[in-house]
Amino acid sequence: MIRLLWTGSVLTRNFLRRYMPTNILLDAIRTPRGLKWGVPAMLLAIPYFVIAAILIQVINDGGPAWLNVLVLSSIWNGLKMLWIGPLSLMLLARLHVNRLKTGARSQQRTQEMFGEDTEYCDLETAR
């Protein structure tokens, strides 16, 4: 029984990870090229919270109770969009620090191997 529950939860997670729009967007933002879009993506939280507010009003006016699932889903997606902004800034800072560290190490290795008068050219910054 536990194996069945475990398998079901893994399959559900994989489905949600691959096919839900917010998860696809968050995966794209977490790439090195997409980190710069984390803060603008925070603006996408606004429509999710507006949808949640509208659905809460519909429920309070006598709407069906199953709309509560959509309220929870839209609030969760809004929180994910708010969360990605600061996280992407931290990841972007860490990426720049790592690039600076590896660039300095590569330059030191080049000078050790070929002498002090050799000019260092990083392929990423040379483009």
Side-chain angles (χ1 to χ4, degrees):
M1 184 68 180
I2 299 291
R3 180 183 285 177
L4 182 64
L5 290 172
W6 188 271
T7 304
S9 67
V10 168
L11 291 174
T12 302
R13 181 204 177 273
N14 287 339
F15 173 78
L16 292 174
R17 188 83 178 162
R18 287 189 185 133
Y19 298 112
M20 294 297 118
T22 55
N23 291 335
I24 293 170
L25 178 64
L26 292 176
D27 287 340
I29 289 173
R30 285 188 202 112
T31 63
R33 288 184 60 197
L35 288 174
K36 63 185 172 199
W37 295 104
V39 175
M42 288 177 65
L43 294 174
L44 291 176
I46 296 169
Y48 283 113
F49 291 132
V50 169
I51 289 170
I54 291 170
L55 289 174
I56 288 172
Q57 188 63 39
V58 169
I59 293 168
N60 289 338
D61 290 341
W66 60 267
L67 289 177
N68 286 316
V69 174
L70 294 178
V71 170
L72 288 174
S73 175
S74 62
I75 289 173
W76 177 251
N77 286 331
L79 289 174
K80 284 193 300 187
M81 290 296 133
L82 282 178
W83 166 77
I84 195 63
L87 179 70
S88 69
L89 290 177
M90 289 186 290
L91 292 174
L92 188 62
R94 188 175 72 179
L95 178 70
H96 284 299
V97 167
N98 287 339
R99 284 185 178 170
L100 289 174
K101 285 181 183 178
T102 57
R105 284 187 210 139
S106 298
Q107 188 174 8
Q108 286 175 348
R109 278 191 230 127
T110 304
Q111 289 177 352
E112 288 172 2
M113 291 172 58
F114 299 112
E116 292 294 325
D117 57 344
T118 307
E119 185 176 324
Y120 174 73
C121 181
D122 186 12
L123 292 178
E124 286 187 18
T125 57
R127 289 183 213 166

Do [X] and [Y] sit in the same hydrophobic cluster, where Ile, Leu, Val, Met, Phe, Trp and Tyr count as joined when their side-chain heavy atoms come under 4.5 Å apart?
X: Val39; Y: Leu91; result: no
X: Leu26; Y: Met42; result: no
X: Val71; Y: Tyr48; result: no

Got a second to check how far [X]'s [atom1] is from [Y]'s [atom2], nearest 0.5 Å?
X: Leu25; Y: Arg30; atom1: CG; atom2: CZ; result: 9.5 Å
X: Trp37; Y: Leu92; atom1: CH2; atom2: CG; result: 13.0 Å
X: Leu95; Y: Leu100; atom1: CG; atom2: CG; result: 9.5 Å

Which atom names give the shortest non-hydrogen contact between [X] and [Y], and what distance separates them?
X: Ile51; Y: Ser74; answer: CG2-CB, 4.3 Å
X: Ala41; Y: Ile29; answer: CB-CD1, 3.5 Å
X: Ala28; Y: Thr31; answer: O-OG1, 2.8 Å

Return a table of donor-acceptor pairs under 3.5 angstrom between the side chains of residues 10-21 and protein atoms on other chains or two or more places apart.
| residue | atom | partner | partner atom | Å |
| --- | --- | --- | --- | --- |
| Thr12 | OG1 | Gly8 | O | 2.8 |
| Asn14 | ND2 | Val10 | O | 3.4 |
| Arg17 | NH2 | Asp27 | OD1 | 2.8 |

Just to verify, what does Leu43 make a side chain to side chain contact (heavy atoms under 4.5 Å, CB included) with, not counting sequence neighbours?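 Testing Leu43 for side chain to side chain contact (heavy atoms under 4.5 Å, CB included), a comparison that skips the adjacent residues, returns Ile46.
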
Side chains of residues 75-88: which donor-acceptor partners sit under 3.5 Å, not counting sequence neighbours?
| residue | atom | partner | partner atom | Å |
| --- | --- | --- | --- | --- |
| Asn77 | OD1 | Thr22 | OG1 | 3.2 |
| Asn77 | OD1 | Lys80 | NZ | 3.3 |
| Asn77 | ND2 | Ser73 | O | 3.3 |
| Lys80 | NZ | Thr22 | OG1 | 3.1 |
| Lys80 | NZ | Asn23 | OD1 | 2.8 |
| Ser88 | OG | Ile84 | O | 3.1 |
| Ser88 | OG | Gly85 | O | 2.9 |

Any side-chain heavy-atom pair of Leu72 and Val69 under 4.5 Å: no

